[in-house]
*Asks:* 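Structure incoming, see below.
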Number of protein chains: 2
Amino acid sequence: MAVTIVDVAHKAGVSPSTVSRVISNDSRISQKTSRKVRKIMEELGYHPNMLAKSLVTKTTNNIGIVLPRPADELFQNQFFSEIIRGIVTKAASGRYDVLLTTGTNEIEEEQAVERLVRGRNVDGIILLSSKKEDRTISFLREKKFPFVLVGRSEQYSDLISVDNDNVQAAYDVTRRLIQAGHRKIAFVSGPLNLTVSKDRLDGYTKALYEAGIAVQAQYQFEGSFTMESSEEVVQDILKLKDRPTAIVAIDDLVAFGLIRSFWRQGLRIPDDCSIAGFNNTLISEMCLPPIASVDIGIYQMGTSAAQALIQRIKGDGFEQARIIIPHQLIWRESAGAHS
Amino acid sequence: MAVTIVDVAHKAGVSPSTVSRVISNDSRISQKTSRKVRKIMEELGYHPNMLAKSLVTKTTNNIGIVLPRPADELFQNQFFSEIIRGIVTKAASGRYDVLLTTGTNEIEEEQAVERLVRGRNVDGIILLSSKKEDRTISFLREKKFPFVLVGRSEQYSDLISVDNDNVQAAYDVTRRLIQAGHRKIAFVSGPLNLTVSKDRLDGYTKALYEAGIAVQAQYQFEGSFTMESSEEVVQDILKLKDRPTAIVAIDDLVAFGLIRSFWRQGLRIPDDCSIAGFNNTLISEMCLPPIASVDIGIYQMGTSAAQALIQRIKGDGFEQARIIIPHQLIWRESAGAHS
DNA sequence: CTGAAAGCGCTAACAG
DNA sequence: CTGTTAGCGCTTTCAG
């Protein structure tokens, strides 16, 4: 069928290994032979079969990404497209392709990782989120398979990970709200088994604590990154006798959901309640009012993750490293000072 | 190293071929042997090496996506994350993974496709955009390699493609604006070598024509999907003696860019100018004011493309087909009636 | 119903 | 500097 290395060898009157060496630019091949072989390759329209190559070299030049849970839902969130954008860009510049896979639930996700790793489909993996007891991480670690975690693992500290200082970031936003005069500040997290939720909750708590403000359970809400859950949170808030005057949301999308829900209830942001989010995605800029947000450098997280992974695969770079991408408050109208 | 089919065969006291047959659920294997072999596989923690399998079966269960030009820029646009979301979801349900690749320019893109195809890395390809003289399409077509085009090809009509009726969609928006009383309607396209730009321009023109409105060159602008280019377009519009009262933008992002630029110049939307976009992405809902937009069913385009490709790979389904995803006008504040 | 043998296309010692 | 020889791990005739 397709032209192989043997065909080229034949026609060039050399051995297959010579052709192979020409392809890999082996130093000890003569200019003459090299030129001759290359010419034949050209003529015959030869192109190496990567599968065969991979089979013997045991490398694929692919890096895998497993999309968290509903490939479906989560993609809505610009976080994922941003980080993938970063990963793909960096990967491409390092001559790697990106293999995207997903499962419809946690089990399937785990299986997907196992399939990629043990099926030898990828040279390394980037994990886009970490749970409390993350079996995928344990598996990868045990197998000593190259991987990079975007986020932080609560179980293991000896991993390569790319993350923000989420505690500090949440602390910073909260503090800023406190400085603006707020005392009754609520926090709307994502699912609490996600490390990022907990870290930000911690930062929030810490800021309140340092300011001598009592941390109240009634001001803490566990959401789920969806509009519906934001709707419910707002319902709950409205039922409170002593409503918060400001809210820190885990996410711009959640912040937006809150703003919209409040709006429907006839409340105005920031007049009736200040709101701040995280990620500084397009949405924060475009919302009415624009949303105060923490820029966590998502794209950069993607490029850093890809770079760290590639280095790890190649054996240079670190065996373990915690790469922290700096964050930055972008203050906008949704978080006007408390009047 | 890792446990292979031979190890399993040995331990089970059968031949490798038998194990292979067990794996592929070959009908003519006895229940007994099958059970025995499966048990050993379990014990040994056997997992098939997909590369080896792929090498002989010549299928990978991967489908490739080549990100148009700057993986970088284009991802900004929610169109791409949406469509990839659709593709990945559908692919996963058909037991396919998605291989993402990109190039920094047109040449590299072409090479990327060639690399994937000839390197046997993927079973099929989804193309996310088509240019006027698209060499990638010619290459794929000539090679008879399974692929699906998202969009429309001007050169070939005998392809499998998933598209909207962009002419009709643009016609519909424009007509709606005309019905609202507008006579001076501008059109801001993307690069005109993109088929989608041309199709929408055609629809726009057709609507004007039918309404007996002169089509004026000064009302047609070629943008490039970026904020900067929207800024420039607004500058140009403001220079016109006879400014348009409404604008059809190729895209929500462009619409948003226009709105923002107008805003900065002290003009208000829709009072000073009505604006409508395409895609109905989150941004259109969240913008101030909310942007009237054509919902083109991006996610569905993704799932349809993946489905069509998988069918084509498997040999069922069509050799050629033009799948049209319906569109729908979502009228919002940015396109208030002309007063 | 199962085994033996050949081979997918390539690389990597080991010789020369 | 180049050729020979073994595989990589799996599937697939062809026999039995």
Side-chain angles (χ1 to χ4, degrees), chain A residues 1-41 44-62 114-123, chain B residues 1-41 44-62 114-123:
Chain A
M1 247 192 63
V3 26
T4 78
I5 214 170
V6 188
D7 301 328
V8 177
H10 258 145
K11 181 142 184 198
V14 297
S15 76
S17 28
T18 300
V19 178
S20 173
R21 287 184 185 114
V22 170
I23 293 170
S24 58
N25 280 314
D26 193 305
S27 55
R28 55 200 183 162
I29 221 84
S30 77
Q31 285 296 317
K32 219 175 82 185
T33 325
S34 172
R35 237 194 306 281
K36 182 173 63 184
V37 172
R38 281 186 199 289
K39 192 162 144 261
I40 305 280
M41 295 197 322
L44 262 41
Y46 169 78
H47 202 94
N49 180 326
M50 298 315 277
L51 291 174
K53 177 181 174 133
S54 291
L55 180 57
V56 35
T57 59
K58 299 190 184 321
T59 74
T60 60
N61 267 34
N62 288 164
E114 185 160 353
R115 187 167 49 76
L116 291 190
V117 171
R118 309 192 57 182
R120 308 260 180 315
N121 279 316
V122 297
D123 297 344
Chain B
M1 243 191 68
V3 26
T4 77
I5 215 171
V6 186
D7 301 328
V8 176
H10 259 145
K11 181 142 185 198
V14 297
S15 76
S17 25
T18 301
V19 178
S20 174
R21 287 185 185 113
V22 170
I23 294 170
S24 58
N25 282 313
D26 193 305
S27 56
R28 54 197 184 168
I29 221 84
S30 76
Q31 285 295 317
K32 219 176 78 186
T33 325
S34 173
R35 237 193 307 280
K36 182 173 62 183
V37 172
R38 281 185 200 291
K39 194 162 141 260
I40 305 280
M41 294 198 321
L44 262 42
Y46 169 78
H47 202 94
N49 181 325
M50 297 316 277
L51 291 174
K53 178 181 172 137
S54 290
L55 181 57
V56 34
T57 60
K58 298 188 184 322
T59 77
T60 61
N61 269 33
N62 289 163
E114 185 159 352
R115 186 166 50 74
L116 291 190
V117 171
R118 310 192 56 181
R120 308 260 178 317
N121 280 316
V122 296
D123 297 343

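The sequence lines fix the lettering, A, B, ..., with proteins before strands; numbering per chain opens at 1.
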*Asks:* Would you indicate, yes or no, if dT2(C) has its OP1 or OP2 atom less than 4.0 angstrom from a side-chain nitrogen or oxygen of Thr33(B)?
*Replies:* yes
*Asks:* What distance do Arg115(A) atom CZ and Asn61(B) atom CG have between them, rounded to the nearest 0.5 Å?
*Replies:* 8.5 Å
*Asks:* Kindly write out the residues that satisfy side chain to side chain donor-acceptor pair (under 3.5 Å) with Thr18(B), not counting sequence neighbours, or none if the list is empty.
*Replies:* Ser15(B)
*Asks:* Can you tell me how far P of dA6(D) sits from CG of Leu55(A), to the nearest Å?
*Replies:* 19 Å
*Asks:* Round to a whole Å and report the spacing from NE2 of His47(B) to P of dC10(D).
*Replies:* 10 Å
*Asks:* Counting side-chain heavy atoms from CB outward, which of dC1(C), dG9(D), dC10(C) is closest to Ile5(A)?
*Replies:* dC10(C)
*Asks:* Consider the side chain of Thr57(A), meaning its heavy atoms from C-beta on, and name the nucleotide among dG3(C), dT11(C), dC10(D) that approaches it most closely.
*Replies:* dT11(C)
*Asks:* Where the side chain of Lys53(A) is defined as all heavy atoms beyond and including C-beta, which of dC10(C), dG3(C), dG3(D) is the nearest nucleotide?
*Replies:* dC10(C)
*Asks:* Of all residues at least two apart in sequence or in a different chain, which pass the side chain to side chain donor-acceptor pair (under 3.5 Å) check with Thr33(A)?
*Replies:* Ser30(A)
*Asks:* What's the verdict on side-chain contact (heavy atoms from CB on, under 4.5 Å) for Ile23(B) and Met41(B), showing C-alpha distance, side-chain angles and the deciding distance?
*Replies:* CA-CA 10 Å; Ile23(B) 294 170; Met41(B) 294 198 321; 4.1 Å; yes
*Asks:* dG3(D), dC10(C), dT2(C): which one has an atom nearest the side-chain heavy atoms of Asn49(A)?
*Replies:* dC10(C)
*Asks:* Does the base of dG3(D) carry an N or O that pairs as donor and acceptor with the side chain of Arg21(A) under 3.5 Å?
*Replies:* yes
*Asks:* To the closest 0.5 Å, what do you measure between OG1 (Thr59(B)) and NZ (Lys53(B))?
*Replies:* 7.0 Å
*Asks:* Would you mind classifying the nucleic acid contact of Gly13(A) as base, sugar-phosphate or nothing, using non-hydrogen atoms under 4.0 angstrom?
*Replies:* sugar-phosphate
*Asks:* Within this structure, what is the NE2-to-P distance between His10(B) and dG3(C), rounded to whole angstrom?
*Replies:* 12 Å
*Asks:* Reckon Val19(B) touches a base, only the sugar-phosphate, or nothing at all at heavy-atom distances under 4.0 Å?
*Replies:* nothing
*Asks:* What is the distance, to the nearest angstrom, from the CG atom on Leu51(A) to the C1' atom on dC10(D)?
*Replies:* 12 Å
*Asks:* When you measure from the side-chain N and O atoms of Thr4(B) to the phosphate of dG9(D), is any distance below 4.0 Å, counting only OP1 and OP2?
*Replies:* no
*Asks:* Take the protein atom CD1 of Ile23(A) and the nucleotide atom C1' of dA12(C), then report the distance between them rounded to whole Å.
*Replies:* 14 Å
*Asks:* NA contact type, Ser54(A), heavy-atom cut-off 4.0 Å: base, sugar-phosphate, or nothing?
*Replies:* nothing
*Asks:* Can you tell me if Ser15(A) touches the phosphate of dT2(D), counting only side-chain N or O atoms and a distance under 4.0 Å to OP1 or OP2?
*Replies:* no
*Asks:* Whole Å only: how far is the CG atom of Asn25(B) from the C1' atom of dT12(D)?
*Replies:* 17 Å
*Asks:* Which sits closer to the 5' end of DNA chain C, Val56(A) or Asp26(B), going by the nucleotide each is nearest to?
*Replies:* Asp26(B)
*Asks:* Establish whether the base of dA12(C) is bridged to the side chain of Ser20(A) by a donor-acceptor pair shorter than 3.5 Å.
*Replies:* no
*Asks:* Can you tell me how far CZ of Arg118(B) sits from CG of Asn121(B), rounded to the nearest 0.5 angstrom?
*Replies:* 13.0 Å
*Asks:* Which whole-number value in Å describes the distance from Lys32(B) NZ to dT2(C) C1'?
*Replies:* 13 Å
*Asks:* Whole angstroms only, please: what is the CG-C1' distance between Asn121(A) and dC8(D)?
*Replies:* 15 Å
*Asks:* Please confirm whether the shortest side-chain N or O distance from Lys58(A) to OP1 or OP2 of dG9(D) is below 4.0 Å.
*Replies:* yes
